[in-house]
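Read through the structure below, which is laid out as structure tokens, and then see the notes.
All ligand and atom numbering here is 1-based and tracks the order in the structure. These numbers come from the heavy atoms of this one structure, side chains and all, not from hydrogens, waters or symmetry mates.
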Amino acid sequence: MPAVRRPLVAGNWKMNGSRAALAEIGGMAQAFDAGLRSKIDLLVCPPVPLLWAAAKAALGTGIAVGAQDCHARTSGAHTGDVSAEMLADVGATAVIVGHSERRADHGEKDQDVRAKAEAVRRAALTAIVCVGETRDEREAGKTLAVVRRQLRGSIPEGSTAAGLVVAYEPVWAIGTGLTPTVADVAEVHGMIRAELRKLVGKGEFEGVRILYGGSVKPSNAAELMAVENVDGALVGGASLKASDFMGIAGVYR
Ligand code: PGA
């Protein structure tokens, strides 16, 4: 395994948090000391209304901020939508695209996810492309086929290691307290790396970080983060409190 992959621990606040929650970024900054900063990247993705204030709160702390979705276009008549360029303008450095909750709530398909990931790249931000199987798909033995199809459909051609992160998030593990076995995580992440070799190309695929997401907590993070080809975590519920989030990030100390 090349030493080029710097772990990334990313928090997805989803539709949670008011301005008062910005104090958690202060708590995270306190625990993100020079030792840990030298080892990992830390990213917090709050809801859009908090993004600008979160970027200001994170200034000088080493913590990056990102968004949870964007529109595929730069600007125009798209009421209620937000472009990647707008997110960059208020301080985002990354955008999560294709989260299973967006695929389910908004009917986003692989081709939509790819268009959004392309928009993220156009804005010179990092796209965190989410993939993962449902419980039915896992029970039917289709996990690898489903994730492979999502990767092929969602990842833009010509993606670079700096511009792309893949997050494997089994839908049945999100917010449920359930997690796959380490053997299952290793199998899927190994397949993703092999697929990236074809999709992203030589010289880049080894540097793309593959995050595991779905019920990551301080109590299971060490075990999950130790799996080969797991280069960090995408954390939902446990990213809302600085103590939990930094308990997870702290496994990299
Ligand atoms: P969870 O969510 O950590 O609350 O399971 C993860 C995610 O949806 O990104």
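Residue Thr176 has no nitrogen or oxygen atom sitting less than 3.5 Å from a nitrogen or oxygen atom of ligand 1, judged on distance alone. Checked by distance only, ligand 1 and Gly175 come closer than 3.5 Å through their nitrogen or oxygen atoms. For ligand 1, the polar-atom distance check against Ile174 finds no nitrogen or oxygen pair separated by under 3.5 Å.
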inquiry  = If you apply the rule side-chain hydrogen bond (donor to acceptor under 3.5 Å, both in side chains), what do you find for Tyr168 with Glu133, and how did you get there?
reply    = CA-CA 9 Å; Tyr168 169 56; Glu133 82 286 2; 2.8 Å; yes
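Contact check on Arg122 versus Glu85 returns a salt bridge, with a Lys/Arg side-chain nitrogen under 4.0 Å from an Asp/Glu carboxylate oxygen. For Lys142 and Glu137, the salt-bridge test fails: no basic side-chain N is under 4.0 Å from an acidic carboxylate O. Between Asp41 and Arg5 there is no salt bridge, since no side-chain N of the basic residue sits under 4.0 Å from a carboxylate O of the acidic one.
Contact between Ser215 and ligand 1 is present, with at least one heavy atom of the residue lying under 4.0 Å from the ligand. Distances shorter than 4.0 angstrom do not occur between any heavy atom of Lys217 and any atom of ligand 1.
Atoms of ligand 1 found under 4.0 Å from any heavy atom of Gly214 (numbered from 1 in listed order, with element): 5 (O). Residue His99 approaches ligand 1 through these ligand atoms, each under 4.0 Å from one of its heavy atoms: 7 (C), 8 (O), 9 (O). Atoms of ligand 1 found under 4.0 Å from any heavy atom of Glu169, numbered from 1 in the order shown, are 6 (C), 7 (C), 8 (O), 9 (O).
Panel note: side chain Asp110, backbone Ile155; no donor-acceptor pair is recorded below 3.5 Å. Under the 3.5 Å distance criterion, the side-chain polar atoms of Glu204 are matched with a main-chain donor or acceptor of Ala161. In this structure a side-chain-to-backbone donor-acceptor pair under 3.5 Å is present from Asn16 to Trp13.
Shown are Val146, Val129, Val166; of these, the side-chain contact (heavy atoms from CB on, under 4.5 Å) with Leu151 is made only by Val166.
When heavy-atom distances to ligand 1 are checked against a 4.0 Å cut-off, Asn12 comes that close only through its side chain, counted from C-beta outward.
Nearest protein heavy-atom neighbour of atom 4 (O) of ligand 1: Gly237 N, 2.8 Å.
Comparing Ala238, Ala167, Gly236, Gly11 by heavy-atom distance to atom 1 (P) of ligand 1, the nearest is Gly236.
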